[in-house]
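All residue numbers refer to positions in the sequence shown, counting from 1.
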Amino acid sequence: STLMCKFMKYRESVKARLIETEEGFYVIAGTIRKESGMSSSYFLVDTGASNSIFIADVATHILGKSLLVGLGRTIHSYTGMVSLSISNVRVMMEAHLVERSMLPSIKGYAISGILGSDFFLSNKVVLDFSTSELYQQTSQRSDTIYGCFPMSLGMESYKVPMLMLENAGGCFFFIVDSGSDINIISANSLERIQDVTKEGSESFCIQSLAACSQSVEYIIPFQIHSLTGRQQIMERFACPVTGGKDVKCQDALFDINGVVGNAFLRKHKMVLDYHQKLFYSMTGFGC
């Protein structure tokens with residue numbers, strides 16, 4: 001079933017600070033209703049997740065069993081209603097419910113849930129990584145937006161925002177994923193890339209999938225195509241030492257070659273506007 005979430009007080013503007021954690025992820029503070037009453041908590045902001053997920057003990061009532069299909073794995077879960085408050089505005093939403101062990105561990109923050117694209121779309125949320133803010137938007141921008149991309153590319157196939165980059169005439173598709181602290185490219189995609197510079201090796205972690213792996217880092221040139229033109233960019237990507245194949249979901253129009261994570265979002269001061277269904281760079285993708 002389609003998951004829905006809705007702010008209960010539209011007249012009150014929702015505005016929250018995107019808190020950057022020690023590992024480079026983003027959370028927002030709020031409160032959530034439990035059997036013992038409202039409790040302070042944090043929620044991971046995950047643009048690479050199509051569905052919002054919460055720990056099972058925060059449900060006000062259970063609706064039924066469900067399957068949460070992610071990239072490369074399927075999670076048995078329940079759907080239920082949860083009640084949370086962000087900036088003192090109450091949110092009632094239907095979401096997937098899982099055991100706490102299924103949620104990622106964020107150093108210094110007790111995470112009660114993951115906010116995904118269903119939440120951002122339903123509530124016309126804007127995620128501004130240039131000012132580290134999350135807020136609700138109800139009107140259209142009238143000024144010129146530089147480095148702008150429609151969200152429809154990823155939303156139609158994978159239900160998350162995606163970016164297309166080009167190298168040597170080949171097109172590569174990346175999830176715009178705040179659930180990853182770095183940029184990641186698959187091993188078989190890297191074989192098609194020209195003029196790469198190999199750097200050192202390290203571990204990386206995608207918090208939304210609670211997955212960690214050893215990787216080798218590369219500096220890769222890409223051309224980026226926005227609604228306002230074409231530009232050359234140089235980005236650091238981690239390539240998994242083992243595994244690391246392209247991902248394709250059933251009935252999707254194209255493979256996923258990797259993710260651009262928070263390193264990319266911060267560098268280019270990205271804004272994800274789920275009201276206008278656009279995302280763009282406040283720097284125009286200048287270096």
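In this structure, the side chain of Asn183 does not engage the main chain of Glu235 through any donor-acceptor pair within 3.5 Å. At least one donor-acceptor pair closer than 3.5 Å links the side chain of Thr47 to the backbone N or O of Ser178. The backbone N or O of Lys107 sits less than 3.5 Å from a side-chain atom of Glu23, completing a donor-acceptor pair. Between the side chain of Asn257 and the main chain of Phe173, a donor-acceptor pair closer than 3.5 Å is present. Judged by distance alone, with hydrogens and angles left aside, the side-chain atoms of Ser281 form a donor-acceptor pair with the main-chain N or O of His268 at under 3.5 Å.
For Ser52 and Asp118, the side-chain atoms include at least one donor-acceptor pair closer than 3.5 Å. A donor and an acceptor atom, one from each side chain of Arg17 and Tyr26, are nowhere located under 3.5 Å apart. Neither side chain, Asp177 nor Ser180, offers a donor N or O lying under 3.5 Å from an acceptor on the other.
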Report task. Walk me through it: do Phe129 and Phe279 pass the test ring pair (Phe, Tyr, Trp, His ring centres under 6.0 Å)? Result -> CA-CA 11 Å; Phe129 293 94; Phe279 61 98; over 10 Å; no
Query - Test log, rule side-chain hydrogen bond (donor to acceptor under 3.5 Å, both in side chains), inputs Glu191 and Asn188 - result: CA-CA 5 Å; Glu191 295 175 355; Asn188 50 327; over 6 Å; no
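Residues Glu20 and Arg266 are paired through a salt bridge, judged by an N-O separation under 4.0 Å between the basic side chain and the carboxylate. Salt bridge present: Lys15 and Glu133 bring a charged side-chain N and a carboxylate O closer than 4.0 Å. The pair Glu199-Arg236 meets the salt-bridge criterion, with a side-chain N (NZ, NE, NH1 or NH2) lying under 4.0 Å from an Asp/Glu carboxylate O.
Aromatic pair Phe237/Phe172: centroids not less than 6.0 angstrom apart.
With Ile185 as the partner, the side chain to side chain contact (heavy atoms under 4.5 Å, CB included) test is satisfied by one option alone out of Pro240, Cys239, Ser215: Cys239.
The number of heavy-atom neighbours closer than 6.0 Å to OH of Tyr78, taken from other residues, nucleotides and ligands shown, is 12 or below.
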